[in-house]
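Structure first, then comments.
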Amino acid sequence: MSDPVLPLGGARFDGLIAVEEVPQGMVALRGSLDAEAVKAAVTELTGAAMPDPLRATRQGDHALLWMAPDELLILLPRADGPQAARDLADTLSGEHALVTDVSDARAVFALSGDDGRLRETLAKLTSADLSPGAFAPGTVRRTRLAQIPAALWLTEPGVARVLCFRSVARYAFDLLSEAGREGSAVEVL
Amino acid sequence: MKRYSAFAVAREALTGHRGWERAWRRAQPKARYDVIIVGAGGHGLATAYYLGKRFGITNVAVLEKGWLGGGNTGRNTTIIRSNYLQDPSAAIYEKSRALYETLSQDLNYNVMFSPRGVMMLAQTEHEVRGYRRTAHANALQGVETRFITPAEVKKIVPIIRLEGPRYPVLGALWQARGGTARHDAVAWGYARACSAMGMDIIQQCEVTGIRRDGDRVTGVDTTKGAIACDKLGLVVAGHSGVLAQMAGFRLPIESVALQALVSEPIKPIMDCVVMANTVHGYMSQSDKGEMVIGGGADGYNNYTQRGSFHHVEETVRALIETFPMLSRLKMLRWWGGIVDMTGDRSPILSKTPLQNCFVNCGWGTGGFKAIPGSGWGFAELMAKGHAPLTDSFSLDRFREGRFIDESVAAGVAH
Amino acid sequence: MSTRLATGGRLIDRSRQVSFTFDGTTLRGHPGDTLASALLASGRTLVGRSFKYHRPRGVIASGAEEPNALVGLGQGDRFEPNARATTTELFDGLQAASQNCWPSLDYDVGAVNAALSRFLPAGFYYKMFIHPRAFWKHVYEPFIRHSAGLGRAPAVEARDPDRYEHFHHHTDVLVVGGGVAGLQAAKTAGESGLRVLLVEQTGHWGGRAPVDGGTIDGKTPEDWIGDTLQALDNMPNVTLRLRLQGAGLYDHGYVLGYERLADHAPDAPGPRHRLWRIRAGRIVTATGAIERPLPFAGNDRPGVMLASAVRDYIVNWGVSAGDRLVVVTNNDDAYRTALAHHRAGLTVPAVLDARPEGGGALMAEAQAAGIRVLTGRGIAQVNGTRALTGVEICAQAGEGTPLETIACDAVAMSGGWSPVVHLWSHCGGKLVWDEAAAAFRPDPDRAPIGQDGASNVIAAGAANGQGDLSSILKDAEKAGKTAARDLGGTPSDASAPDAEQPAEAPLAPVWMMPQGAPHALRAKAFLDFQNDVKVSDVHLAAQEGFESVEHTKRYTTLGMATDQGKMSNINGLAVLSRALNAPIPQVGTTTFRPPYTPVSMGAIAGEARGPLFQPIRRTPLHDWHETHGAKWEPVGQWRRPYCYPRAGEDKHAAVAREIDATRGSLGLLDASTLGKIVVKGPDAGRFLDMLYTNMMSTLKPGRCRYGLMCSENGFLIDDGVVARLDDDTFLCHTTTGGADRIHAHMEDWLQTEWWDWKVYTANLTEQFAQIAVVGPNARKLLEKLGGIDVSAETLPFMAFAEGQLAGHPVRVFRISFSGELSYEIAVPAGQARALWDRIVDAGAEWQITPYGTEALHVMRAEKGFIMIGDETDGTVIPQDLGLDWAISKKKDDYLGKRAQARSHMTDPDRWKLVGLKTLDGSVLPDGAYAVTEGTNVNGQRNTEGRVTSSYHSPTLGHGIAMGLAHRGPERMGEVLTFMRDDGKTAIEARIVDPVFFDPEGAKQNV
Amino acid sequence: MLILTCPCCGVAADEIELAPGGQAHIARRGPDSTDAAFEEYLFLRDNPRGVHFERWRHAMGCGKWFHAARCTATNEVFGTYPAQTTEPPQEIRDRIAERRTDQPKDSRA
């Protein structure tokens, strides 16, 4: 099989911050996050600890993002998506859970730069409170980015991931590039 | 009633305009009336006017908790059109439009009806189909409309950007005899004419209760005392639910905030009304030069007369996309009105569970254009118990599933 | 005449000059000037014409309240009408032009209206132009429209080259207004450690204090401001922002901020305007107060200005309003203007104090300085039209008999101060009438409330009705503490600074000067300068019964100009209350609406313009379609190819070719936009049985079934093929528009009605591209690609298979929307392009032809398949469409079942689906209605049906249509009469079976 | 511009992240219901000028539906709670009782 094509072929923008489209394996899990079997399966699969609500945990190139009370997003290498989804589904075959590979359904952008500029760039587009006190590293915030739904994950100061649906990848990239233009720093965060 | 005319104005000018009398009498409630209309907005006043003019019923009181014309009549975008899809809608809105044409003369009050044309842009194949269908329906309903080409659109509205880019203009439904009128003048003109017929318009008079004897209404309690009546008409856009509650029945209505905006005045750039429903924006230019713009309605129940700002944003961005030259123009003010949304988004002009109590409500976002027709039909319903213009808009349609759904045409009601 | 003084001007940099043009003339000013101060410095007293009477007008104020000095700024794509000269910061190369005058500012034809003004009182147009009817549209209105309007309109094809953006900011305390009150409130709140944002609409801090004088903690206001700013700068939790206006206040602490970044520096990089959406726990409105003019005859003449403005121009910009300044006042503050003018070495021939006993310390100071003070006096009228020559003075108590003429070239007037209560009022805050100050101020007991029901707005300083410097600072300090405490912060116990100012004698309200002015004077005493509303107009409104303040406002247009009545509302209100002989509080105020000053549409739209206006949704094959000449059709936010015209081909030809190729050999469709929702769980079957009209729980794994979904109101809302992946997993296909809507619909019922059912859903629409391979050679192609057995035996109609096709993981559904042998291939989106390319290559031997949405529509119509949105429109139930076969009789419930049992839904007279074939083979007009004899009660032509879909069928060579007709299916063979687009000529069509092509289904069952 | 705290994910969500869903706690009426009962279920609403129990979805967030008790005349919010209930929880009722004196009036514009 051929290499999967990224929605924007790995587009990149450099301005107040850097924005780069990156490949990302993603598996969505819906199920009871309290169920021991579920916890065991996902922590086993990723090596990351079970995340608290609105948080993410990481282990190497794997991560667990809390998306909803009954939903996790598992991040792993791009190529591992389908197999991981199958394995996880098998592991949880006894449980009431739904596991799907969504690696192709979403676009992922890596944002990096000065922490304040990065927060400001996003704050031009979302109503979520992104001030350091409210949006600390490790936080995952599903919100509205201008006119589309998106998930924001601040992995560490000055580094973030933005996830959105594949079909609007171009729109999201153009938004971030516009908001991150040189000369438009707000300089309050 | 002293007649208005240029000569009268000239004559008064010489004496410092000291001779003008009150436009409507200051009235105190009598103990009893043949008919009480609750709500001195356009619809209530028009109802009273036609009760007198068509049926000789002049022992009428119009009760208003605030000041007459102070509700949605005075806070809408004044668009008048009748290019509706369904027969009952087309009938009442066209009757209304026709009455508007001669209203200034009928009332001897310049309501500035300006048949400058209403254009509804078709920006998707789906909208084209919807408007073509509407044009077909209108032709059979006696409503003059026509589906026009993009070239014709540009000719009528030079400031429009046809190529989109997002939603190219594929054509438009054009009603040349639609237009606008001066909203306050409509209420004031009717009020003046009602008062001249001897009717009492009682402002600052809030209805606090509805008196009943079994399933008959006997009168109302108000902040100015109890008043008896033979027939009661509830015409209180934005507060119908509250009044119905007093009368002891519920309505298929939710009240939401709808916003409108005006820009600073500029010299004339657009002579007609343009509605772009795909991008949710519509606009006309007032005689004063302001761009008058309709915004969106909130999706949640709300009695505060302020909407949510993001609707203003959505509307303005749509208009800049459609009319890019507006970008550096400044918005002067925006405000909200409370509109009653029914289950099928069409109005209710109906009898109620109470024998002699009638309700006229649920005009949603499009009540202003209907004022004369609504008054004409509702007066007949109250006088005779039924009326061709209003029978389809009865309350029981919701039980029977006999809806009048205008949203099926691409055009939404405004 | 106004001019630049030799010294002074705290805000300007005299060492540098900038040049600008006004009506084409090049003038000079200094950095720090506003356009207004620079115009005055250049002796430009006449700057514009009024709205109604085109009267000559000059600068009257020094801030956002200015009603007169409006200009057109810039040129071409950057032209902006109605810019306030008083808030326009000067920059080199600025181009300004006067407005509402023709041919020129000095000689304006429209000025004839002034001469006719007695014939044009308030509301004159309601009483005139009634006859003849046609004249309103054709004669009167065009004339009014032309003479109305204010600024010139931007060019028809103007395209704003500037950028705009939004910014969301969350703070604990927002302080609006950067005067001494705002600074103090911010400092006090900041000391608690809470997040504080302080915004100021102008380009400098401190507000009026440096102009008005006094001492704070023994320092000059200027020094105190400097020190306080320093202290605030040192607080990391405090953010200071200039040129950012608190424009509107909404529910739950939402404040709209309007930041003008480049209006004063057009070459600066970055956006021109930034719209802030601020969320604040507490909002302190330290927005100051605005001085009121005095209503006397001729108060609108160029050269008559607000006393505070005259002072501002002297102190801030080193500009004098004139050489001889008469000051007229009803309060002590205006004496500061007299003294400032005097200190500048200019003449103050007299201060006219309307109060019988005059004022206090400041009056004494003025007298000590040798300034003549006349108490109990006012202005009867003003001499000179474009330039003042003098004023006739009279007794305020009288009717205006001139007592003396005083020569002067400028007048400074002060009618007292009105707190700026706009933000307070935007979100429901109420006002209380303050007798002493003769002004409305915020009523602390009826403040705006936040989501928790507690007051979330605190007015401070002059905006809260405080007069002298000391109480302003104490009030601000209290506001800062209250805000901090409300939010759980602990403010420092530092107390407010001590301020000193001369004690002031009480103001005496003056609503007409002189109080007994006859009509002739009232008709020249202006309340609303921009809209030309005079005292006599308000009297007329009252006389005619427009007793509510809202009536009067609307009848006279008082306060409806671009300044929103900042200077005129209180005066107008007071005049009305006097005319009605009712106390002012009883008459009430008009409602304040956002924004505080006009906001550019560009700023409101923000980044959402051009490519970012709305998202465009692209399928994984978008680029291929683009490069292969697809004509796009917007479907919701998606783009789908409508057809792929070749060189020299029009759309119709292209569509016909695509259909012929597909039916004749092999077609290819990008069906990726179809919704794909996975529904899994032990209760999945039960759930889908409720969602669909037909039975899904009996579907066998590996098989597909077409299903219908209705709203609870009975109407058809979506349709699509459901595939059962395994015992408790289904894949539901929806229409393109349905994907998100239906997924939300499912979640709604699962979460809020059947929350105990064990079902999970996932919307995988974008995970998979869906490629439809359609036509007689479809199977051959798949076999050539290899990997999956697609023989009729192993993959029969309405079945699906999973596996590897040409090396790609796929799910192949054998379903058909065209009546042809057809396979829909779902492949991970990231591999879609690769597979598509392989298919195109492999299909070459069968001339594989990509087709678009139009060919899709025609082919489904040829087969009589309904299309959601065409055959359905929100009023159609499945039974209308002859889809009873898809409505399970066995189920005792499904969404919509009860609704479909209502009397109108079961009425046998409903219009039902039929095929329609014109007698002459032509194409029926889309949306046409079938007519019958006669008319209904409302005189509308009777109808008995309508066309829902109509096409030319290249396959059959004639027009085909589907439609709804009265008792349609019972009337096979009957001929209906439809109306053409002209609504007059008729076209006849016969009722036929809606399946026009291959009714036996021979082509798909192979 | 409302802020409602989603009880499912805990986010204090801005109105633009939310989708309103009308009056809450309306029991579904099925095939066996009378015409009157069915009409009431589908169309008749309280539409109060005061406290309103209503449905919201955190559409641009965790995607969950929840209920809110809000005053339609002042936008005061008395609390939000999960949608999996047929009536307002007691603590919400208590909060309304304690905070509520009389029906507030909005400004007549």
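To find a chain, count down the sequence lines: A is the first, B the second, and so on, and within it residues start at 1. Owing to the predicted nature of the structure, the values given are computational and were not obtained by experimental measurement.
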B:S263 side chain to B:E290 side chain, donor-acceptor N/O pair below 3.5 angstrom:
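B:S263 vs B:E290: no donor-acceptor pair found between side chains.
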
Have D:N75 and B:Y300 got a donor and an acceptor in their side chains that come within less than 3.5 Å?
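No.
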
Would you confirm whether the ring centroid of B:F309 sits within less than 6.0 angstrom of the ring centroid of B:W334?
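For B:W334 and B:F309, the ring centres are under 6.0 Å apart.
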
Below 6.0 angstrom between ring centroids: does that apply to B:F398 and D:F38?
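That pair fails the under 6.0 Å test.
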
Does the distance from a Lys or Arg side-chain N to an Asp or Glu carboxylate O, for B:D396 and B:K351, drop under 4.0 Å?
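Salt bridge: no.
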
Ion pair check, B:R166 and B:E321, cut-off under 4.0 Å
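No, B:R166 and B:E321 are not salt-bridged.
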
Ring geometry between B:H183 and B:F368 (parallel below 30°, tilted from 30 to 60°, perpendicular above 60°)
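Perpendicular, since the angle between the ring planes exceeds 60°.
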
Apply side chain to side chain contact (heavy atoms under 4.5 Å, CB included) to the pair B:W335 and B:Q305, showing each step before the final yes or no.
CA-CA 7 Å; B:W335 64 93; B:Q305 279 172 328; over 6 Å; no

Within residues 246-263 of chain B or reaching into it, pairs that qualify as salt bridge (Lys or Arg N to Asp or Glu O under 4.0 Å) - sequence neighbours excluded:
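Residue pairs passing salt bridge (Lys or Arg N to Asp or Glu O under 4.0 Å), neighbours aside: B:R250-D:E40, B:R250-D:D46.
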
Sub-3.5 Å donor-acceptor pair from the side chain of B:R345 to the main-chain atoms of B:D405, do we have one?
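No, B:R345 side chain to B:D405 backbone: no donor-acceptor pair under 3.5 Å.
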
Residues in [range] that sit under 4.5 Å from chain B, counting heavy atoms only:
range                     : value
residues 20-34 of chain D : D:P20, D:G22, D:Q23
residues 52-70 of chain D : D:H52, D:W56, D:R70
residues 1-19 of chain D  : D:M1, D:L2, D:E15, D:I16

Chi angles and distances behind the side-chain hydrogen bond (donor to acceptor under 3.5 Å, both in side chains) call for B:E206, B:T223
CA-CA 5 Å; B:E206 179 168 6; B:T223 48; 5.8 Å; no

First locate atom OH of B:Y190, then atom CG of B:L45, and finally report the distance between them rounded to the nearest 0.5 Å.
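With rounding to 0.5 Å, OH (B:Y190) is 9.5 Å from CG (B:L45).
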
Kindly compute the distance separating CD1 (B:I371) from NE2 (B:H43), expressed to the nearest 0.5 Å.
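Nearest 0.5 Å value for the CD1-NE2 distance: 4.5 Å.
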
Heavy atoms, side chains only, cut-off 4.5 Å: are B:Y303 and D:T72 in contact?
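Sidechains of D:T72 and B:Y303: in contact.
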
In terms of heavy-atom proximity below 4.5 Å to chain D, should B:L251 be classed as side chain, backbone, both, or neither?
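Contact with chain D is through the backbone of B:L251 alone.
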
For the candidates B:G74, B:S255, B:G299, B:A244, which exhibits the highest count of non-hydrogen atom pairs separated by less than 4.5 Å from chain D?
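Ranked by contacts with chain D, first place is B:S255.
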
